[in-house]
Every structure is written in structure tokens, then in C-alpha cells.
Protein chains: 2
Amino acid sequence: MSHTPLPSTLTRSVEDYLKAIYRLSLGGAPAGTTEIAHLLDLAPASVTGMVKRLSEQGLLEHVPYKGVELTAVGRRAALRMVRRHRILESYLVAFLDYTWDAVHEEAERLEHAVSDGLIERMATALGNPSVDPHGDPIPAPDGTMVELVYTPLSEIPVGQSVELRRVETGQADRLRYFAEHGLVPGAAVMVVARQPFGGPIAVRTSGGEQLLGAELAGLLLCAAGAP
Amino acid sequence: MSHTPLPSTLTRSVEDYLKAIYRLSLGGAPAGTTEIAHLLDLAPASVTGMVKRLSEQGLLEHVPYKGVELTAVGRRAALRMVRRHRILESYLVAFLDYTWDAVHEEAERLEHAVSDGLIERMATALGNPSVDPHGDPIPAPDGTMVELVYTPLSEIPVGQSVELRRVETGQADRLRYFAEHGLVPGAAVMVVARQPFGGPIAVRTSGGEQLLGAELAGLLLCAAGAP
DNA sequence: TGCCAAAATTAGGGGTGCCTAAATTTAATT
DNA sequence: AATTAAATTTAGGCACCCCTAATTTTGGCA
């Protein structure tokens with residue numbers, strides 16, 4: 001099955017818009033221009049202008065005053081950027097001694113500059129991984145991705161041991177904090193307490209430490225039941 | 001000794017101008033705007049405009065109608081780009097299976113996007129090399145570079161064997177041709193003939209092949225006398 | 001239903017960096 | 001010294017992508 005070719009020359013700016021709209025599209029609803037503006041740190045009016053241009057290019061569909069959705073072409077372009085980003089992060093951690101909290105910024109710039117060929121060479125060197133250091137799934141070169149569904153830690157019963165599979169934050173300081181306490185993908189943790197109403201959660205790490213915090217609830221995901 | 005800090009945010013375009021002007025400055029004379037335009041594939045009038053802006057920023061000195069020269073700050077910024085480019089080329093060849101004729105284009109884009117930190121990590125992984133795969137010297141992180149002076153092959157007497165040290169061309173097809181016949185830095189060659197008036201030259205490679213061509217004269221450099 | 005606040009868009013403007021076409025300067029030649 | 005061709009600069013414009021301020025639309029709520 002052949003694809004409509006992706007536009008060959010997207011600017012860095014356009015690539016960032018597509019990534020942002022893709023991220024927002026995961027929420028299910030069409031992305032609002034203000035949401036996009038917030039993610040990209042731009043004024044909403046600027047987004048309206050760019051959105052108009054990208055619609056004309058067929059990368060997204062815009063219903064004025066309603067919202068923005070990626071077209072099939074736009075989604076492939078966005079997933080291509082996601083693949084680049086996650087392969088880059090994986091490569092930097094595996095081969096150039098980066099820590100998982102330090103790779104994001106570097107990948108954020110490189111993803112706009114590397115060729116597809118280099119990404120594939122890096123992927124090969126890594127053994128074609130399916131997840132990156134944060135446990136995020138890596139889209140395939142053809143732009144397909146299996147979104148892995150994990151159970152949020154906040155839904156694991158008290159007393160159960162599980163394996164962390166994914167740490168969903170890009171914030172370097174949080175990642176550093178998690179890493180210091182062994183909360184990385186693959187780690188085993190036991191839920192030891194929970195506040196009422198789904199609030200903060202407490203876990204015991206394999207190192208015997210006990211940690212408490214609201215961040216733990218949503219940011220750490222796991223495969224339910226796996227020790 | 002401390003340096004004037006380099007401007008922290010140079011655009012890709014500015015970085016390319018500085019690199020081009022640096023290359024032309026090696027010829028000794030101030031660079032002309034038309035020369036720069038030719039190197040960057042731009043209209044001469046565009047160069048005049050940019051040159052004006054860069055002079056105001058203190059990156060170069062422009063004497064209207066005469067020519068352009070880098071200031072100390074501009075030269076350091078240019079050498080920083082040269083280091084990035086050559087470390088990147090070296091890394092791609094050493095660790096990601098690129099051939100020396102394929103790295104230029106990739107490095108040309110990456111050099112604008114990588115952080116100084118990543119370049120230094122790559123340099124460390126390479127063992128802090130002083131020359132890149134083409135034999136070109138790599139500037140130090142502080143922006144100093146020893147320009148190695150080799151004897152052009154065209155000046156080696158007929159019958160003498162020498163070691164190639166540097167292949168001075170960025171043209172991928174020529175590099176491929178040279179590589180196919182073993183003409184890479186480190187190779188031993190013997191000059192077997194020369195046309196009158198410093199014209200084309202003929203060499204015998206260690207593989208016993210005999211090659212003739214005008215390109216050989218200027219593009220291949222060697223350490224005189226070394227076998 | 002009518003009004004209000006939030007969201008989104010339009011209007012107008014600025015910086016960058018490129019272009020073409022029209023001067024202008026320089027340097028070489030006669 | 002005058003002419004001329006090449007190099008260079010100026011003038012005027014355009015595309016991109018951002019901004020602020022003003023206006024329009026929407027959706028919820030009294």
C-alpha cells in the first residue's frame with residue numbers, strides 16, 4: 001500500500017505545529033487554537049494564521065471557531081517527528097551517555113535536522129526498539145504506531161506489586177527525581193497507600209524506599225499485575 | 001585567557017555566511033560579496049544586505065566595494081562550525097557506517113542543530129581526533145586550529161612514493177571515485193608521470209593500479225617524503 | 001431569551017532573509 | 001584620459017512567522 005508522499009520541505013515551525021496538534025488530538029477532541037498556542041508558547045492569533053496556511057497545504061482540517069484536526073498526511077508527518085524524537089532520545093541515552101532527563105531538549109532540536117537515513121541507522125544500531133527510555137512507544141518508519149495502554153498507578157490496588165512501564169512526563173526535574181529513586185521503566189514497585197478520592201499515592205520501591213506524591217498517580221504507568 | 005563570548009543565538013543562515021567567509025578568507029584576500037553569493041547559491045544583492053547586518057553585529061568588517069573579513073569573534077564562530085562539521089563527519093563514519101563521501105550533506109544540516117555538549121560527547125567517543133575522515137584538521141573546542149600544510153601531489157617528483165594525508169574536495173562523486181581506487185588518507189601512492197606545465201598527474205596505488213587525472217593534482221595532498 | 005466571558009479571528013505591523021532591477025563604483029583596457 | 005565590463009550596492013518587493021489590539025463568534029447561564 002502506497003502513501004501520499006509527505007511534503008518534502010516542512011519548516012521547523014510547521015513540524016512543531018504538527019507535533020503539537022498530534023499530541024492534542026490524543027485527547028479525542030479537535031485541538032483548539034488556544035491550546036496549540038499554549039503548547040508552542042505563541043499567541044493564539046499567530047496560531048490561527050499558521051493553521052490557515054497548513055489547511056491550504058492539506059496537512060490539517062480547520063473548522064473556524066471549532067477546532068483543528070490532522071489529515072492523514074498531517075498525521076503521518078507528525079508521527080514521523082515522534083519517531084525521530086524517540087529514536088534520537090534512545091540513541092543519545094544508549095550510545096552517548098545522556099541521562100533520560102537530559103535528552104529531551106537535544107532531541108527537540110535534532111529531530112528537525114536529521115535525515116530519515118540517519119534515523120534508520122540509529123534505529124538499527126539500537127536494535128529497532130519499540131519503546132524509548134521513558135517507555136513511550138516508537139512509531140514505525142511507515143508512520144504506524146501501536147499506542148500501548150497501561151494502567152495508571154493510581155488505579156492499582158493497595159498492596160499490589162507491579163512493573164513500571166512508562167513514565168509520562170517531559171519535565172527534566174521530575175524525571176531526575178524519579179530516576180534517583182529507582183522509578184524507571186522496568187522497575188518493580190508496590191502500592192502501599194492511597195489518599196481518599198484518588199489523591200496522592202504511596203509506593204515502595206525495590207530498594208525498600210517509600211515515596212509519596214501526587215505526581216506518582218498520573219505520571220507513572222504500569223502493566224497491571226506484572227510483578 | 002578569556003574570550004569575548006560568542007553571540008548565543010546565530011541563525012542557520014548567519015552560521016552559513018560565517019563558514020563561507022571563513023573558507024574564502026583562507027585565500028588570503030578579503031572575500032567579495034559575489035564570491036560569497038556563489039558559495040551560498042544566493043544573489044549578490046542578498047549578500048550585501050546580510051553583510052551589512054553582520055558588520056553591525058561585530059561579526060565581520062565590511063569595506064564597501066572592497067570586501068569582507070571576519071572579526072576575531074566572527075572567526076571563532078566560524079571555527080566552531082568547522083569543528084562541529086568535522087566532528088559530526090568523523091562520528092557518522094566511525095559509529096554509524098556512513099562512507100566518507102556521504103557524510104557531508106548530513107553534517108551540513110546537523111551542525112546547526114547539535115549542542116556543544118553533544119559535539120564534545122561525540123569527540124570523546126572518537127578519542128578527540130585531530131583530523132576528520134578527509135584528513136582535514138579539526139579545530140579545538142576553544143576555536144584554535146593548526147592548519148596542517150601538506151605538499152600538493154602535483155609537486156611531488158616523479159618516481160617518489162608518498163603517503164596521502166588529505167583529500168581536499170567535498171564533491172561526493174569524486175570522493176567515491178577516489179575511495180574506489182584506494183586514494184584515502186593514509187594510503188601510499190607513487191607518482192609515475194606528469195604532463196608538462198604542472199598538468200594532470202599519474203599515480204600508482206598500493207593496489208598496483210595506475211590512475212591519471214587533472215583532479216589528482218590539487219585535490220590529493222600528502223606529507224612529502226613519507227612512504 | 002438575552003447577556004457575558006472565553007475562544008477565536010481579523011487587522012495591522014515588524015524583523016528576517018531572500019529576490020529582481022536599477023544605480024553606482026571600481027578596475028582594466030584602449 | 002575616456003570607455004567599458006564586472007563587481008557591488010541601493011531600491012523596492014515578497015514570503016514567512018511572529019506580535020498586539022480590536023472584533024467576532026460561541027456556548028453557558030441567569
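Just so it is clear: chains get the letters A, B, ... in the order the sequence lines come, proteins before strands, and each one is counted from 1.
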Q | Selection from C:dT9, D:dT26, D:dT10 that lies nearest to any side-chain heavy atom of A:K66 | A | D:dT26

Q: Would you indicate which nucleotide in D:dT24, D:dA7, C:dC18 comes nearest to any side-chain atom of A:Y65?
A: D:dT24

Q: Could you check whether B:S13 gets within reach of a base, just the sugar-phosphate, or nothing at all, counting any heavy atom under 4.0 Å?
A: sugar-phosphate

Q: Have a look at A:H62 and say if it touches a base, only the backbone sugar-phosphate, or nothing, with a 4.0 Å heavy-atom cut-off.
A: sugar-phosphate

Quick one: [X] [atom1] to [N] [atom2], roughly how many Å, whole number?
X     : N      : atom1 : atom2 : result
A:L10 : D:dC16 : CG    : P     : 13 Å
B:L42 : D:dT8  : CG    : C1'   : 15 Å
B:E35 : D:dT8  : CD    : P     : 7 Å

When you check the gap from the basic side-chain N to the acidic O, do [X] and [Y] get nearer than 4.0 Å?
X      : Y      : value
B:E155 : B:R194 : no
B:E111 : B:K19  : yes
A:D116 : A:R80  : yes

Q) If only atom types and distance count, is the side chain of B:H104 paired as donor or acceptor with the main-chain N or O of B:A172 below 3.5 Å? A) no

**Q.** Short side-chain N/O contact to D:dA6 OP1/OP2 from B:T34, under 4.0 Å
**A.** no

Q.
Quick check on D:dC19: is either OP1 or OP2 less than 4.0 Å from any side-chain nitrogen or oxygen of A:S46?
A. yes

